[in-house]
Number of protein chains: 2
Amino acid sequence: MKEGPDIARIGMLFGDPARANMLTALMGGQALTATELAQAAGVTVQTASSHLSKLEEGGILAQRKQGRHRYFTLADAAAGALLENIMGFAASRGHLRHRPGPKDPALRKARVCYDHLAGDYGVRMLDSFVARGAIESDGENLTMTEDGRAELGTLGIDVASLTSSRRPVCKSCLDWSERRSHLAGTLGKALLAHFLENGWARRSDESRAVLFTPDGERKFLSLFPAG
Amino acid sequence: MKEGPDIARIGMLFGDPARANMLTALMGGQALTATELAQAAGVTVQTASSHLSKLEEGGILAQRKQGRHRYFTLADAAAGALLENIMGFAASRGHLRHRPGPKDPALRKARVCYDHLAGDYGVRMLDSFVARGAIESDGENLTMTEDGRAELGTLGIDVASLTSSRRPVCKSCLDWSERRSHLAGTLGKALLAHFLENGWARRSDESRAVLFTPDGERKFLSLFPAG
DNA sequence: AAGATGCTTCGGTTACGGTCGAAGTATGAA
DNA sequence: TTCATACTTCGACCGTAACCGAAGCATCTT
């Protein structure tokens with residue numbers, strides 16, 4: 001009837017509860033098999049298979065065959081960013097499944113959001129960067145300052161490599177549990193990777209929670225003091 | 001089942017063709033009546049009414065009673081931004097309704113995107129700003145420079161008032177016809193308003209097209225020379 | 001008051017899409 | 001080869017939601 005992007009098509013893809021559950025599970029950032037996703041969505045594998053092929057066809061998911069397994073991930077950073085966006089919008093309108101209360105305290109404290117840190121700790125980290133002038137915030141847009149570049153360099157993060165991709169270095173992402181922004185983008189990704197690699201924290205097996213070790217937590221809190 | 005934002009709910013709202021048509025029509029930025037939206041969606045008023053109440057309930061639309069009319073608009077800039085986001089994503093995956101060809105040349109040349117200028121002219125404007133250093137682009141994030149601030153001041157745009165709202169001043173928005181970014185945010189809005197107020201262009205009655213006058217076009221092109 | 005216009009609500013129909021059981025395909029293990 | 005695992009395809013069922021006609025409100029006009 002009209003020309004233009006087919007928003008109904010992708011809206012429909014996000015609009016089914018089973019598919020939404022799968023996508024939420026994939027926000028953990030790691031590749032999951034069809035069976036795992038079926039379990040996450042609470043449907044049988046046949047149903048999940050049907051959903052997964054639709055999501056792949058729609059360009060939201062990508063699959064990687066490995067032996068007799070098929071690992072599914074979000075197609076790219078753009079798909080993850082859109083998902084984050086929708087989550088933030090839904091949260092801002094109060095559209096939460098079940099209560100917004102502290103169901104799983106660990107999740108509210110620190111969790112993975114596709115490939116970066118979210119939750120209380122994620123928000124605190126961004127706040128801290130902004131407070132000390134390492135990142136400048138203009139309402140929504142974030143940019144790294146020279147001071148920030150230097151600080152991250154001493155922390156052992158290869159800042160130069162972050163700017164190589166076309167994905168933005170700093171990006172704000174609305175946190176649905178805190179209702180404030182945390183840090184996404186390649187820098188957000190690199191920081192989370194840094195915490196995990198240096199043993200400050202590890203990922204939970206069952207959920208998207210990020211579990212800090214006592215020592216890692218001490219380091220994190222001293223590096224990012226509360227405002 | 002799980003906690004978190006209810007992305008399925010808002011996905012479903014965007015996922016129906018009739019609703020998507022209405023939302024696309026509202027991307028024109030002006031308030032429309034239920035009857036007009038029904039026509040845009042190609043359904044009867046009863047059906048449209050049902051859709052509209054769902055969209056309002058979901059926080060995507062807001063309505064304003066005026067006499068026996070009810071004017072509907074996008075609820076706020078966040079709703080418009082999300083819609084743009086989805087449009088950009090859909091376009092990036094090639095999900096276009098009908099062909100991507102030049103169906104309506106005027107639309108591809110210049111059109112309204114919620115409240116700012118899109119299409120060839122919108123892309124050209126942003127490119128030009130970036131080329132002359134009035135706006136700095138960091139992949140996705142855009143920031144106005146001091147030079148830009150000065151230039152816009154002499155153009156007769158009240159730069160100070162742009163920064164007052166919580167909405168970002170400069171924001172990039174993926175253009176589905178050009179597949180490149182144009183300028184959104186309060187600055188994008190102010191610039192479009194400036195063009196319309198000063199008679200450089202006027203809005204088409206039937207579509208989202210922006211029609212430049214010969215004189216306005218000359219001014220626009222000299223102000224934003226092609227790269 | 002009576003009529004007209006704009007919109008919503010109600011009721012009933014219809015069609016599409018989500019669902020699962022059963023069967024089919026592919027890969028790996030024994 | 002034979003069996004087991006992981007996943008897809010097929011077919012049938014069923015529920016939901018989109019849809020419209022008719023009736024009901026609300027507001028403005030005359």
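Chain identifiers are assigned alphabetically (A, B, ...) following the order of the sequence lines, protein sequences preceding nucleic acid strands; residue numbering begins at 1 within each chain. Heavy-atom basis, side chains included; hydrogens, waters and symmetry copies ignored. Source: prediction; values computed, not measured.
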Residues A:Arg167 and A:Asp115 bridged, charged N to O under 4.0 Å: yes
Candidate nucleotides D:dT27, C:dG18, D:dC7, ranked by approach to the side chain of A:Asp16 - the nearest: C:dG18
Rounded interatomic separation in angstrom, taking CG from A:Leu13 and P from C:dC16: 18 Å
Salt-bridge present (A:Arg93, B:Asp76; N to O < 4.0 Å): yes
B:Gly185 versus B:Lys171, closest heavy-atom pair with distance: N-CB, 4.0 Å
A:Trp200 and its ring pair (Phe, Tyr, Trp, His ring centres under 6.0 Å) partner, picked from A:Phe212, A:Phe220, A:Phe195: A:Phe195
Spacing of B:Arg68 atom CZ relative to D:dT27 atom P, expressed in whole Å: 12 Å
side-chain contact (heavy atoms from CB on, under 4.5 Å), paired with A:Leu211, selected from A:Arg111, A:Arg202, A:Lys109: A:Arg202
Contact residues, residues 30-38 of chain B to DNA chain D [heavy atom, < 4.0 Å]: none
DNA chain D contacts among residues 43-55 of chain B, heavy-atom distance under 4.0 Å: B:Val43, B:Thr44, B:Gln46, B:Thr47, B:His51, B:Lys54
Shortest side-chain distance from A:Ala18, nucleotide among C:dT5, D:dT8, C:dT19: C:dT19
B:Met12 CE - C:dC16 P separation (whole Å): 18 Å
A:His69 NE2 to D:dA4 P, straight-line distance once rounded to whole Å: 17 Å
Salt bridge flag under 4.0 Å for residues A:Asp16 and A:Lys54: no
Short side-chain N/O contact to C:dC7 OP1/OP2 from B:Lys65, under 4.0 Å: no
d(CZ, A:Arg70; P, C:dT27) in whole Å: 8 Å
